[in-house]
*Asks:* 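Pasting a structure below so you can have a look.
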Amino acid sequence: MQKTFVSLPVHAKKNYTMEGMVAHKPANDEACPESHFLSTFFRALSDAGVRYAVMRNYDALPYSSGGSDLDILVSPGDHIKVRTILFQSIQETASVPVGVAETVGFFIVYVLGRPVSNAATWWGLRVDLNVGLFFKGVPLVSEALLDSAYMYNRVSVLPRGIAGVLGVLKEILNNNDMPSRYHHGAREALESKRESVWRALSPMGHRALDLLHALITRGYDEKNVKTECRRLRRAIMLHAFKEKPIGVLQRRFLFEWSKVHRLFRPPGVMIAVLGVDGSGKSTVIEAIAPVLKETTHNALYIHHLRPSLLPPLARFRGKKSVQKGPVLEPHGATPSGVVGSLLRLSYLTLDYILGYWIKVRPIIAKQPAIVLFDRYAYDMAMDPRRFRIGVSLKVAKWFTKLVPKPDLILCITASPRVINARKQELPIEETKRQVDALQEFAQKEPRAIVVSNEGNVEKLRVKVLQTLYDFFRGRI
């Protein structure tokens with residue numbers, strides 16, 4: 001008979017937790033801005049009577065994620081219902097999915113939430129839905145694992161020891177390592193509840209279970225750990241193939257196909273931020289980075305100007321070091337001649353093309369990551385002097401048409417006088433020309449959005465986050 005998890009009365013919560021601790025609701029949304037979403041989501045799961053369990057880091061639930069991702073184990077029979085509830089909860093709490101990635105038995109969504117009150121702040125959260133546990137399409141656990149779940153503050157969770165065993169197992173399989181943070185709880189689980197743990201992990205096979213037991217009880221051995229991890233993976237795969245070869249091949253095909261599918265339709269995005277020196281472009285990137293890092297669980301990658309797959313041109317002239325950080329004199333160097341300029345344009349364009357397919361695309365195809373560029377190839381046409389390019393703007397614009405287009409282009413702008421007051425690196429006439437060029441570019445490019453920066457950094461930060469919010473909402 002299938003076990004159903006139900007909410008416990010408030011007075012029963014203390015007696016039902018493993019450590020006798022209960023998460024306390026924060027006094028306001030400022031402390032835990034994601035609390036509205038979490039409470040809505042878990043209440044809906046309880047009302048629907050689905051079989052699930054949070055696998056780890058649940059001490060502060062349902063009021064806070066505690067800075068961690070939300071890792072949930074879901075019964076295969078309920079995963080469609082849970083997914084529906086997840087997206088309904090996102091919609092009901094003024095949140096938006098930044099990106100979604102799916103493979104066999106695994107579903108990831110990154111959530112960006114905007115403030116719902118004056119006291120609240122922007123927030124982000126990664127949600128992992130594990131429909132069972134799989135390794136490259138091979139099942140690792142049985143539904144008996146969910147039988148061990150208990151209620152913690154009206155949230156269904158796994159016992160810490162079993163969660164520790166799963167934490168060790170996932171690190172071994174995915175990262176070829178055995179982290180110390182899960183080891184103590186895993187060893188305690190094997191000492192006190194070995195039979196129930198082994199029953200839950202029975203799909204792995206006896207040989208794999210013996211190897212896992214040896215790894216956990218023996219502890220971390222730097223010399224042999226990678227060899228033992230490989231042996232464990234082989235044992236799991238061999239057992240699964242012996243038991244159900246057709247099913248293993250089918251799931252493995254679906255697993256590999258999901259990676260190919262994401263390569264053609266990446267769940268992540270590439271965003272470029274353009275702006276004249278002094279417009280606040282770099283400042284706003286620093287301001288929004290913490291929210292985006294939280295949203296993507298640190299899957300935020302920031303590049304300055306280009307992917308830099310190819311070395312700087314200065315290296316070919318014998319320079320061992322290249323200037324990093326802000327360019328104080330962007331027009332200080334003399335532009336190259338026609339031949340030199342064409343070589344520069346060709347070289348930089350090649351870096352954008354190869355860098356995208358070799359460095360950027362694999363990142364955004366793997367997960368809903370955000371790759372953010374501080375400046376992009378379009379600057380070659382709007383500010384060619386910065387690149388020592390001495391050909392006509394039409395020629396430079398032609399080269400920019402060859403580079404991969406970002407999913408979103410944020411054009412940070414302000415009046416030339418405001419910009420010139422912040423930075424006096426360029427004459428005001430040149431600043432005005434670049435501002436006009438940026439505005440003209442934004443009018444012709446459908447992926448570009450102009451964000452005016454006439455106020456302080458906080459106002460600009462809110463404008464950009466709202467722009468990103470609207471962009472992600474439009475991708476649903």
Side-chain angles (χ1 to χ4, degrees), residues 30-34 37 64-70 95-99 101 108-115 120-127 266-308 324-327 355-356 359-360 362-364 366-376 378-379 406-414 422-423 447-453 455-473 475:
E30 182 70 25
C32 302
E34 74 273 25
F37 164 76
S64 171
S65 64
S68 176
D69 58 331
L70 194 59
S95 313
V96 66
V98 167
I108 307 174
V109 58
Y110 293 169
V111 185
L112 172 65
R114 66 180 181 183
T121 60
W122 290 84
W123 57 273
L125 180 66
R126 167 175 170 164
V127 181
V269 295
M270 180 173 70
I271 299 173
V273 183
L274 309 181
V276 182
D277 285 321
S279 62
K281 167 180 52 62
S282 299
T283 301
V284 75
I285 291 175
E286 293 180 2
I288 66 175
V291 175
L292 298 184
K293 285 181 179 179
E294 184 180 53
T295 300
T296 61
H297 208 59
N298 293 318
L300 171 68
Y301 303 86
I302 300 176
H303 296 276
H304 179 69
L305 189 60
R306 61 191 184 96
S308 298
K324 296 181 179 180
V327 179
Y356 175 78
K359 292 182 66 175
V360 176
I363 290 174
I364 62 176
K366 183 179 180 181
Q367 59 180 317
I370 297 176
V371 176
L372 195 152
F373 279 87
D374 181 353
R375 296 190 177 277
Y376 196 64
Y378 306 114
D379 284 281
D407 298 282
L408 175 66
I409 306 168
L410 295 173
C411 301
I412 311 299
T413 187
R422 294 172 184 158
K423 284 190 177 182
R447 305 185 186 205
I449 297 177
V450 175
V451 181
S452 177
N453 179 22
N456 56 35
V457 175
E458 180 56 27
K459 287 183 178 180
L460 177 61
R461 172 181 174 273
V462 171
K463 283 184 181 180
V464 171
L465 287 173
Q466 183 62 49
T467 301
L468 292 174
Y469 177 93
D470 294 337
F471 164 73
F472 290 125
R473 185 174 57 183
R475 296 182 79 221

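If you're wondering where the values come from, they're calculated on a predicted model, not measured in any experiment.
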*Asks:* Mind telling me whether Y376 and Y378 have parallel, tilted or perpendicular rings, with 30° and 60° as the class edges?
*Replies:*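 Rings of Y378 and Y376: tilted, as their planes differ by 30° to 60°.
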*Asks:* Can you give me the closest heavy-atom contact between Y301 and A369, atom names plus distance?
*Replies:*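 Reported closest heavy-atom pair: CE1-CB, 4.1 Å.
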*Asks:* Can you tell me how far the CD1 atom of I364 sits from the CE atom of M270, to the nearest 0.5 Å?
*Replies:*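 Spacing of CD1 (I364) from CE (M270) equals 6.5 Å.
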*Asks:* Can a salt bridge be assigned to the pair R375 and D277 using a cut-off of 4.0 Å between side-chain N and carboxylate O?
*Replies:*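 Salt bridge flag = yes for D277 with R375.
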*Asks:* Show your reasoning for whether side-chain contact (heavy atoms from CB on, under 4.5 Å) applies to V451 and I412.
*Replies:* CA-CA 5 Å; V451 181; I412 311 299; 3.9 Å; yes
*Asks:* How long is the straight-line distance from OG1 of T295 back to CG of L300, given to the nearest 0.5 Å?
*Replies:*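 It comes to 9.5 Å.
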*Asks:* Hey, what do you get for CG (L274) to CG (L410), rounding to the nearest 0.5 Å?
*Replies:*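 CG of L410 is found 8.5 Å from CG of L274.
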*Asks:* Walk me through whether I370 and L468 qualify under side-chain contact (heavy atoms from CB on, under 4.5 Å).
*Replies:* CA-CA 11 Å; I370 297 176; L468 292 174; over 6 Å; no
*Asks:* Between atom CZ of F373 and atom CG of L305, what is the distance when rounded to the nearest 0.5 Å?
*Replies:*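 Between atom CZ of F373 and atom CG of L305 there are 9.0 Å.
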*Asks:* Identify every side-chain donor-acceptor pair in residues 283-293 under 3.5 Å, counting partners at least two apart or on other chains, and give the distances.
*Replies:*
none

*Asks:* Do you know which two heavy atoms are closest between V269 and F472, and how far apart they sit?
*Replies:*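 The pair with the smallest heavy-atom distance is CG2-CE2, 4.0 Å.
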*Asks:* Can any side-chain N or O of Q367 pair as donor or acceptor with the backbone N or O of A299 at less than 3.5 Å?
*Replies:*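 Not a single qualifying donor-acceptor pair exists.
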*Asks:* If I take atom OG1 from residue T121 and atom CZ from residue R114, how far apart are they, to the nearest 0.5 angstrom?
*Replies:*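 If I round to the nearest 0.5 Å, the distance is 14.0 Å.
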*Asks:* Of all the heavy-atom pairs spanning Y356 and P362, show the shortest one and how long it is.
*Replies:*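 Heavy-atom minimum between the residues: O-CD, 4.1 Å.
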*Asks:* Under the side-chain contact (heavy atoms from CB on, under 4.5 Å) rule, what do S65 and L70 come out as? Steps first, then yes or no, please.
*Replies:* CA-CA 7 Å; S65 64; L70 194 59; 5.8 Å; no
*Asks:* Can you tell me if N453 uses its side chain to pair, donor with acceptor, with the backbone of A414 under 3.5 Å?
*Replies:*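 It does not hold such a pair.
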*Asks:* Answer yes or no: is there a donor N or O on one side and an acceptor on the other, between the side chain of K463 and the main chain of S452, under 3.5 Å?
*Replies:*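 Yes: the side chain of K463 pairs with the backbone of S452.
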*Asks:* Could you check whether any side-chain N or O of K359 sits under 3.5 Å from a backbone N or O of P307, counting only pairs where one atom can act as donor and the other as acceptor?
*Replies:*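 Looks like yes, one N/O pair under 3.5 Å.
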*Asks:* Quick one: does P97's side chain get under 4.5 Å of Y110's, heavy atoms only?
*Replies:*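 No. Closest side-chain heavy atoms not under 4.5 Å.
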*Asks:* Measure across S64 and G66 and return the closest heavy-atom pair with its distance rounded to 0.1 Å.
*Replies:*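 Distance-wise, the nearest heavy atoms are OG-N, 3.0 Å.
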*Asks:* Only counting residues at least two apart or in another chain, list the ones meeting ring-ring contact (aromatic ring centres under 6.0 Å, His included) with F471.
*Replies:*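 With sequence neighbours excluded, F471 shows a ring-ring contact (aromatic ring centres under 6.0 Å, His included) to no residue whatsoever.
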*Asks:* Is it the case that the side chain of R447 and the backbone of P406 share a donor-acceptor pair, with hydrogens and angles ignored and the cut-off at 3.5 Å?
*Replies:*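 Side chain of R447 to backbone of P406: a pair is present.
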*Asks:* What distance separates T296 OG1 from I108 CD1, expressed to the nearest 0.5 Å?
*Replies:*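 Reported to 0.5 Å precision, the distance equals 11.5 Å.
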*Asks:* Looking only at atom types and distance, does a side-chain atom of E294 sit under 3.5 Å from a main-chain N or O of G124, one as donor and one as acceptor?
*Replies:*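 Such a contact is found between E294 side chain and G124 backbone.
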